[in-house]
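As the structure is a computational prediction, the values presented were derived from the model and not from experiment.
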Amino acid sequence: DVIVQIVDARNPLLFYCADLSGYVKEVSPSKENLLLVNKSDLLSESRRERWADYFRRNGVTALFFSAVEEEQRLKRQTPLEDNDEEEDSDEEEDSDEEDEEPDHPPTHVLTREDLLMYFHSHFGHDTESRLVVGMVGYPNVGKSSTINVLCSEKRVGVTATPGKTKHLQTLQISDWLCLCDCPGLVFPSFIATKAEMVCSGILPVDQMRDHLGPIQLVCQRIPKQILE
């Protein structure tokens with residue numbers, strides 16, 4: 001029903017595939033696209049404002065999220081039993097308020113609850129059956145970490161090495177939401193060189209054969225005084 005492209009906030013355009021969004025609409029106009037800008041805690045408020053304005057002008061629905069920051073927040077919460085009681089009470093309040101979504105600014109870094117509420121309020125009312133959300137993205141953008149946060153437990157493997165997910169799998173989050181996880185996809189691109197993909201964490205460093213390209217790219221982008 002919904003395709004969520006997860007991108008790295010430090011270079012969203014490198015990880016965003018506009019062709020995939022177009023293909024989704026070609027397959028079925030009723031399907032929806034969503035861009036989830038992960039690792040948004042690494043961006044300042046002003047940079048998030050610029051990216052939000054850019055995506056809005058280009059007709060892309062984008063949300064800011066941080067799987068690592070949200071995982072740490074969930075760990076700081078009270079024990080699981082207390083959380084279950086709070087979630088039950090929250091669900092009752094949400095139903096009484098007709099699932100009203102909080103009025104957050106476009107640059108707000110969403111929490112787990114905010115993101116689930118967004119799915120339900122924007123996509124969940126139009127389907128009588130459960131909502132199926134496909135999670136796609138390049139390796140190492142934090143896709144597995146995002147899924148684990150939404151599941152509120154570790155359901156898929158996470159590692160610093162790109163390409164951990166090897167096969168397609170479905171994860172039941174609730175009676176109305178199902179996540180579909182797929183391996184990291186490297187879309188054909190003419191704007192990204194192999195050196196840039198290595199520096200961006202898309203390709204594993206241990207498989208790198210040419211060291212000069214990535215080193216040259218780092219030297220070009222980082223001022224000399226900072227390296228010294």
Given side chain to side chain contact (heavy atoms under 4.5 Å, CB included), test F64 with L110 step by step and report yes or no. CA-CA 6 Å; F64 294 96; L110 300 181; over 6 Å; no
Does E70 form a side chain to side chain contact (heavy atoms under 4.5 Å, CB included) with F65? I'd like the steps, not just the answer. CA-CA 8 Å; E70 187 63 9; F65 188 72; 4.3 Å; yes
Test Q5 against L34 for side chain to side chain contact (heavy atoms under 4.5 Å, CB included), laying out the working first. CA-CA 6 Å; Q5 286 195 56; L34 180 65; over 6 Å; no
Check the pair E45 / T107 against side-chain hydrogen bond (donor to acceptor under 3.5 Å, both in side chains), numbers first and verdict last. CA-CA 7 Å; E45 179 73 17; T107 58; 2.5 Å; yes
Under the criterion side chain to side chain contact (heavy atoms under 4.5 Å, CB included), I'd like the reasoning laid out for K25 against N33: C-alpha separation, chi angles, the key distance, then a yes or no. CA-CA 8 Å; K25 286 298 185 180; N33 287 292; 4.0 Å; yes
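The distance from the OG atom of S21 to the CD1 atom of I3 is 9.5 Å, given to the nearest 0.5 Å. For the atom pair CG (L20) and CD (E26), the distance works out to 10.5 Å, reported to the nearest 0.5 Å. If you take CD on Q216 and CG on D210, they are separated by 9.5 Å, rounding to the nearest 0.5 Å. Put simply, CZ on F15 and CG on D8 are 4.5 Å apart, with the number rounded to the nearest 0.5 Å. Rounded to the nearest 0.5 angstrom, R221 CZ and C199 SG are separated by 7.5 Å. Annotation: the span from R209 atom CZ to D206 atom CG amounts to 8.0 Å, rounded to 0.5 Å.
Under the 4.5 Å side-chain criterion, counting only non-hydrogen atoms from C-beta, Q220 is in contact with L217. With contacts defined as side-chain heavy-atom distances shorter than 4.5 Å, the pair L35/L63 does not qualify. With contacts defined as side-chain heavy-atom distances shorter than 4.5 Å, the pair V109/E69 qualifies.
Ring orientation note: the planes of W51 and Y54 are nearly perpendicular, at an angle over 60° on the 30°/60° scale.
The existence of a salt bridge linking K31 and D1 is excluded, since no basic side-chain nitrogen approaches an acidic carboxylate oxygen closer than 4.0 Å. Salt-bridge formation is not detected for the pair R50/D53: no Lys NZ or Arg NE/NH1/NH2 atom is positioned less than 4.0 Å from an Asp or Glu carboxylate oxygen.
Screening V132, T170, I147 against L179 for a side-chain contact (heavy atoms from CB on, under 4.5 Å) leaves a single residue, I147. Residue V141 forms a side-chain contact (heavy atoms from CB on, under 4.5 Å) with just one option from V136, L36, I6, and that option is I6.
Taken together through direct or relayed side-chain contacts under 4.5 Å among Ile, Leu, Val, Met, Phe, Trp and Tyr, W176 and V4 form part of one hydrophobic cluster. Linking Ile, Leu, Val, Met, Phe, Trp and Tyr whenever their side-chain heavy atoms come within less than 4.5 Å puts Y138 and L13 in one cluster. Taking hydrophobic clusters as Ile, Leu, Val, Met, Phe, Trp and Tyr residues chained together by side-chain heavy-atom distances below 4.5 Å, L150 does not share a cluster with V68.
When atom types are taken as modelled, the side chain of R48 and the backbone of L43 share a donor-acceptor pair closer than 3.5 angstrom. Proximity of a side-chain donor or acceptor of R130 to a complementary backbone N or O of L177 within less than 3.5 Å is not detected.
For A195 against P214, the heavy-atom pair with the smallest separation is CB-N, 3.6 Å. Contact detail for P12 and A9: the closest heavy-atom pair is CD-O, 3.3 Å. A pairwise comparison of heavy atoms in A67 and N38 identifies N-OD1, 3.0 Å as the closest pair. Contact detail for T61 and Y118: the closest heavy-atom pair is CG2-OH, 3.3 Å. Residue Q172 comes nearest to C178 through the heavy atom pair OE1-CB, 3.7 Å, listed as atom of the first residue, atom of the second, then distance. A pairwise comparison of heavy atoms in S40 and S66 identifies N-CB, 4.3 Å as the closest pair.
Judged by distance alone, the side chains of T111 and D114 do bring a donor and an acceptor atom under 3.5 Å apart.
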